[in-house]
**Student:** 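Quick one: this structure, given as structure tokens, is what I'll be asking you about.
Proteins come first, then strands; the chains are lettered A, B, ... in the order of their sequence lines, and each starts at number 1. Computed from a prediction, not measured in an experiment: that's the story for all the values here.
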Amino acid sequence: MKGSSDANFKRELKELIIDECDLEIGPDDIDDDSALFGSDSPIGLDSVDALQISIAVQNKYGAVITDSKVLRRVMKSINTFADYLRPE
Amino acid sequence: MYVHATAPYVCSPEVEIDELKAELKNYTDFFFRRVNKFIMLSLLGVHRCVHGKSIDPHTAVFLATENGNLGDTETVLHQLYRENSFPKPFNFINTMSNTASFYVAQSLKTLGRSITVSSKNVSFERALELAMADFELGHIREALVGGVDEAVFSREYFSKKYDASYHDAKLVGGSSWLYLTSERPGSLGEMSGIRTFSAENEAIDWAKRTSSPGTVLAFGILMTPLDKEKWREEFKAAAGMDYIHEFGFYDTAAAFATCKFFESREEKAMIHVSRTVQGHYVLLSCKRQE
Amino acid sequence: MENIFIRGRAVTCSLGDDIDGIIARVRAKESAPVELPIRIATVSYTRPYFRIPGGDDRDADLEGYFYRVLFDTVSRAISGAGLSKEEVRASALFFGSTSIDIPIFEATYKQTENNGGKKLSNESPGYGKIINEVAEHFGITGPCFTFTTACTSSANCLLYAASLIRTGRIERAIVIGYDLFNEVGFYGFESMKLIEPFAYRPFDKNRIGIIMGEGCGAVVLDAKPSSPSGFRFLGGSNACDTFNVTTHTLEGDDIAHTIREALKHCGLDIHDIDAVKAHATGSPANDVTEYNGMKLAFGESLPPFSGIKPYIGHTVGASGVIELVIIIESIARGFFPATPGFEQVDEEINARPITEALVMKSGTVMLNFFGFGGNCSSFIVTNKE
């Protein structure tokens, strides 16, 4: 199953992000399609958050992302991130 | 250096970061995340000190600490050597203890000097010396000087480190801050001198010259019961201010003693006597505004 | 304003510990990074690093090696200053470092099994331990200060040593900057994707990041000169940019403020500065911010500037003292070093560091340092009359 079609997987990702970035919100507060980073984003993560999350997914899912531009692209939203980690 | 606000603070060694965070919310609306216990302790201490005061944007921050960010450094060492993981960025950034003074400055919107300094057993006194030099040279007009340390975890190691028995002092965490300015009017009092002596008799002479009737003595952790007895006899002083016995010990507790003195509103002046591991005496004198 | 003289000075870095040899290699634009492995979980590759030559057996006794490099560097600075035994004894000590004793704790961690214990938290001797060891080794009884302000640590040591001399609290200070290789820093910078995998090239269009280095530097600041024609430490400034814990305000406002304050405290004007030693870490963000800050402060009168980390790596907390020694020893030999590695102008910022050394026998130069935690430091030295 594609990552973006798996509600449980996406919830797991949201919990990871909340935990790693020390956010005071719940998983339901993160929209699957809205931006995770930048000033347009409701949760407004920054570049260090992105790095923090990348190390966490490397440890948890074995996904190594070395290029920070790629990192930013795949972490656009929960849906894009879930699909990157689980393409099918 | 005139004292305009003080806040002595100690907490239980087992205090959780969430408890500190909840307490901090009583003093500031500023939103903090990605910070550790040491940083949270620093923030809580400083916001208790400046609460309700407007702070000049050029205020300098001097954070004195013996041990700094132990927790995150430990975490990163565990990530590297026990979990086979890259350091997590936030933990890594927080291994640098000056992130605490950064968050202090950020939350107070100050852009003055930001210094984190340490000196075995006299970190707070040395931080005050740096601030004093800046005041004298006219480089600063306002400063926040604090002593922040998490609790020492091991009593055994405590005894080894200080070559002293643990007595009955309880180990606590602490974050005690003074707000100092160059303006005398409206102040609680003044930090009148910091001096270092290699000979005890010279230290006693200076203390005698500096003190007046009503000066209370307070002692650092390396002063033994015999030492304290001797000083008290020299000064014909009463019991003195045994803050370590009463409130517990943390590595920069001289900051706590100083804040407590200004808060107590009893004695007119205080001389705090620390002995260093090298056997020198570092004396700190402060006076209440008459 | 009273003079503060830079008497003795010594450095141990990737270019060695012999100052003539080091400066000859700086003049020749030589540098020698080595490739070190990055091995974590399934990942395995290398990144460059500027390592102190020799000491290949250091892991056998890391603590011994740590103190050997430190004591040896300090000892050369003391003998270079020609201090008497009594002058040494009465000196104050300043120590600036990012990693402090982390290298020693890493060695302990590597040698012990996972027992779930909190080794560091339980047994940390405190940041002040290292400088106390220096005091004991050299029989020094003056006050000891340890600064932990990340990459500005030893730069701030110099500023405050000078302030304590100026206010008469101390007569002389031995100021040390020291950071030895440690995996917390090396892997930490890599996990922040800050390490340049190819060539070190600050301000260049194709710069990717920082190449770290290790080193120890020591200088003696003194109210008394050892020779009439030496360098003087004029003063400087420190400020905190509270924009973000890892990066500075893009526009460089706080960097400009720090530079202006440094000039003011030294009673100088922008036209008095002959050259600027930039912090120039080579990280995409830092170089933009720093150049913007310099432009704001100097405007049209921006003097020639250069970054010298490509010679020795970014020695983090030690960089304040190490880069000061390299700059003044270069001027003492008639030149101000160029920025090696810089080839292509980045049109976005249009910064142009010097690519050939300037002829300079005497000069007034500014040295700038910036770091994590928003820390900005700037100071000025001169050997002009």
Side-chain angles (χ1 to χ4, degrees), chain A residues 11-31 34-78 80-81 84-85, chain B residues 15-44 47 69 71-107 150:
Chain A
R11 194 175 178 85
E12 195 177 286
L13 278 184
K14 288 176 189 176
E15 277 165 358
L16 179 142
I17 291 171
I18 289 167
D19 190 40
E20 292 298 334
C21 302
D22 193 14
L23 301 172
E24 288 186 335
I25 54 171
D28 296 333
D29 299 322
I30 305 179
D31 223 45
S34 48
L36 293 172
F37 295 90
S39 48
D40 302 335
S41 156
I43 57 171
L45 300 181
D46 65 19
S47 59
V48 188
D49 290 306
L51 296 166
Q52 178 85 4
I53 297 166
S54 84
I55 304 294
V57 299
Q58 182 171 332
N59 292 344
K60 192 162 180 183
Y61 305 109
V64 182
I65 313 169
T66 46
D67 188 323
S68 44
K69 282 179 197 132
V70 175
L71 190 65
R72 204 59 180 252
R73 202 179 63 232
V74 305
M75 285 192 208
K76 211 162 161 282
S77 69
I78 289 292
T80 60
F81 198 25
Y84 175 82
L85 293 171
Chain B
V15 72
E16 294 288 336
I17 185 163
D18 288 343
E19 297 171 56
L20 297 172
K21 212 170 186 173
E23 205 174 337
L24 181 60
K25 284 194 171 143
N26 300 326
Y27 301 100
T28 174
D29 300 331
F30 202 87
F31 179 62
F32 301 98
R33 65 183 181 106
R34 316 190 291 208
V35 299
N36 60 15
K37 193 164 150 185
F38 175 72
I39 298 173
M40 199 48 87
L41 201 51
S42 306
L43 287 167
L44 179 57
H47 281 276
N69 269 328
D72 268 310
T73 308
E74 185 99 59
T75 302
V76 170
L77 290 168
H78 270 260
Q79 286 165 354
L80 275 171
Y81 301 116
R82 306 289 187 248
E83 295 164 11
N84 203 16
S85 160
F86 273 101
K88 296 255 185 86
F90 297 136
N91 298 121
F92 169 61
I93 292 164
N94 289 344
T95 62
M96 287 163 257
S97 290
N98 71 317
T99 51
S101 60
F102 167 81
Y103 284 111
V104 165
Q106 191 187 45
S107 67
E150 293 180 55

**Student:** Using a heavy-atom cutoff of under 4.5 Å, enumerate the residues of residues 57-64 of chain A that contact chain B, numbered in order, or state 'none'.
**Tutor:** A:Gln58, A:Asn59
**Student:** Closest heavy-atom contact between A:Asp22 and B:Arg34?
**Tutor:** OD2-N, 2.7 Å
**Student:** Which bit of B:Phe31 comes within less than 4.5 Å of chain A, counting heavy atoms only: side chain, backbone, both or neither?
**Tutor:** side chain
**Student:** Hey, which residues of residues 38-47 of chain A are touching chain B, say heavy atoms under 4.5 Å apart?
**Tutor:** A:Gly44, A:Leu45, A:Asp46
**Student:** Between B:Gln79, B:Lys21, B:Glu83, who has the most heavy-atom pairs with chain A when the cutoff is under 4.5 Å?
**Tutor:** B:Lys21
**Student:** Closest approach of B:Pro87 and A:Ile55, non-hydrogen atoms and distance?
**Tutor:** O-CG1, 4.1 Å
**Student:** Does atom CD of A:Glu15 have more than 12 heavy-atom neighbours, drawn from other residues, nucleotides or ligands, at distances under 6.0 Å?
**Tutor:** yes
**Student:** Please list every donor-acceptor pair under 3.5 Å in which a side-chain atom of residues 23-30 of chain A meets a protein atom from a residue at least two apart or in another chain.
**Tutor:**
unit_1	atom_1	unit_2	atom_2	d
A:Asp28	OD1	A:Arg11	NH1	3.1
A:Asp29	OD2	A:Gly26	N	2.8

**Student:** Among all residues two or more places apart in sequence or in another chain, which pass the ring-ring contact (aromatic ring centres under 6.0 Å, His included) test with B:Tyr27?
**Tutor:** B:His51
**Student:** Out of curiosity, B:Phe90 CZ to A:Asp49 CG, how far, rounded to the nearest 0.5 Å?
**Tutor:** 4.0 Å
